[in-house]
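Reading through the structure tokens given below for one structure.
A note on names: the letters A, B, ... follow the listed sequences, proteins ahead of strands, and every chain is numbered from 1. In this text, all values refer to a predicted model and were calculated from it rather than measured experimentally. These numbers come from the heavy atoms of this one structure, side chains and all, not from hydrogens, waters or symmetry mates.
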There are 2 protein chains.
Amino acid sequence: MLSKKAQYAIYALVNLARKYNEGPVQIKTIAEEEHIPRKFLEAILIELKNLGFVNSKKGKGGGYYLINHPEDINLLTITRNFNGPLGLIPCACVVSYERCERCTDEDACSIKMMFRELRDTTADYLEGINLANLLEDNYFLNNNP
Amino acid sequence: MLSKKAQYAIYALVNLARKYNEGPVQIKTIAEEEHIPRKFLEAILIELKNLGFVNSKKGKGGGYYLINHPEDINLLTITRNFNGPLGLIPCACVVSYERCERCTDEDACSIKMMFRELRDTTADYLEGINLANLLEDNYFLNNNP
DNA sequence: ATATAGTCTATAGGAATAGTAGACTATTTT
DNA sequence: AAAATAGTCTACTATTCCTATAGACTATAT
């Protein structure tokens, strides 16, 4: 399961994607519409800003907005920044890789290979989904066999 | 990432699978070979026993052993019992499903569909791997295109 | 009997998660 | 310039989960 923080980040970005090109959206609005605790959301938005996903405008009529087009933000990127490693065991991770103490030959270890393949499948899948895909109702029903 | 507990459970079971039909294996032996803290391993083995994966024999020459053939224990079953939900968001879970507060029509929600498909892929993958598969070096090199 | 080896109860430190409070700063409109 | 709006920053807290550990107890085999 993703952390609440990671989940909130995704929902906040989807909310902004839905209103792309409609001007800044207030923190309060996002918090209410997405059922996210306001103060918690503030912290997440600042992180999203530092990561280059969103920008903000202060004062009246201010709020947050997406910097890039929804099509250019995929779920792997979001997940990477707000959640731990994708691999299920340390030696199967890429970014957070740790050598396995149990192995003499890690390159022949079936346990590692198995978990590594699962990790890669997951990464590819998440990378293939962007925010625009998530806006359309029934996207999957319409695009899957 | 799986919890240490879940990882240890998998490595302990693989250790027992490697010695299937060779009589009971002592806690101490498994702990040393798999680099698992002994007392922690004790607790995990008791849980594995209650779940019906292993049995134990007391006294001299005692230890733990697998009840079923390694081929009959898949990784989905192990993971389910020692780690949280497979789905990345609550509404995409099966066992730990929670209704989404954001949705009016969950059946048309692309976010849910996406995470649900990923969950199902992961579950199918884990279910397809059994302990016997993990014993053979290079299993994946030999069986994947 | 005695050594061996699993079982049970209880506890505990620490990290991560999730959330809160309040003062402060920048911008826009009047 | 003043007032209202809205984001920013610092600090704090509560709770849960993870990862263990200690030690006394019980059952079995020889």
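- Among the heavy atoms of the strands lying under 4.0 Å from B:I27 are primed sugar atoms or P, OP1, OP2 only; no base atom is included.
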Taking only distance into account, with no hydrogens and no angle test, what donor-acceptor pairs under 3.5 Å do side-chain atoms of residues 61-68 of chain B form with protein atoms, sequence neighbours excluded?
none

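- If you find the closest nucleotide of DNA chain C to A:K58 and to B:Q26, the one lying nearer the 5' end belongs to B:Q26.
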Next on the checklist: Return a single string for nucleotides 9-20 of chain C, one symbol per nucleotide in 5' to 3' order, where B is base contact, S is sugar-phosphate-only contact and - is none, cutoff 4.0 angstrom on heavy atoms.
Outcome noted: ---------SSB
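- A:H69 has its side chain out of reach of A:N130: every pair of non-hydrogen atoms, C-beta onward, lies at least 4.5 Å apart.
- Residues A:N15 and A:R18 form a side-chain contact, since some pair of their non-hydrogen atoms from C-beta on lies under 4.5 Å apart.
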Using residues 4-11 of chain B as the side-chain source, report each donor-acceptor pair under 3.5 Å to any protein atom, sequence neighbours left out, with the distance given to one decimal.
residue, atom, partner, partner atom, Å
B:K5, NZ, B:E47, OE1, 2.9
B:Q7, NE2, B:L2, O, 2.9

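- A:K19 has a carboxylate O that lies under 4.0 Å from a charged side-chain N of A:E33, or vice versa, which qualifies the two as a salt bridge.
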Sequence neighbours excluded and cut-off under 3.5 Å, please list the side-chain donor-acceptor pairs for residues 49-60 of chain B, or say none.
residue, atom, partner, partner atom, Å
B:K49, NZ, B:S56, OG, 2.9
B:N50, ND2, B:I46, O, 3.4

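- B:Y125 is not listed as a side-chain neighbour of B:T121, based on a closest heavy-atom distance of 4.5 Å or more.
- Within the nucleic acid shown, A:K28 has no heavy atom closer than 4.0 Å to any nucleic acid atom.
- Contact of the B:I129 side chain with the B:N74 side chain is not registered, since no non-hydrogen atoms from C-beta on lie closer than 4.5 Å.
- Toward the 5' end of DNA chain C, the nearer of the two residues B:L45 and B:K60, judged by each one's closest nucleotide, is B:K60.
- Along DNA chain D, read 5' to 3', the first and last nucleotides having any atom under 4.0 Å from a heavy atom of chain B are D:dT19 to D:dA29.
- Each of B:G59 and A:K57 was matched to the nucleotide of DNA chain D holding its nearest heavy atom; the match closer to the 5' end belongs to A:K57.
- Taking CZ of B:F82 as the start and OG of B:S3 as the end, the distance is 9.0 Å to the nearest 0.5 Å.
- Contact of the A:E117 side chain with the A:M113 side chain is not registered, since no non-hydrogen atoms from C-beta on lie closer than 4.5 Å.
- The shortest distance between side-chain heavy atoms of B:M1 and A:I89 does not fall below 4.5 Å.
- Residues from residues 85-100 of chain A that place a heavy atom under 4.0 Å from any atom of DNA chain C: there are none.
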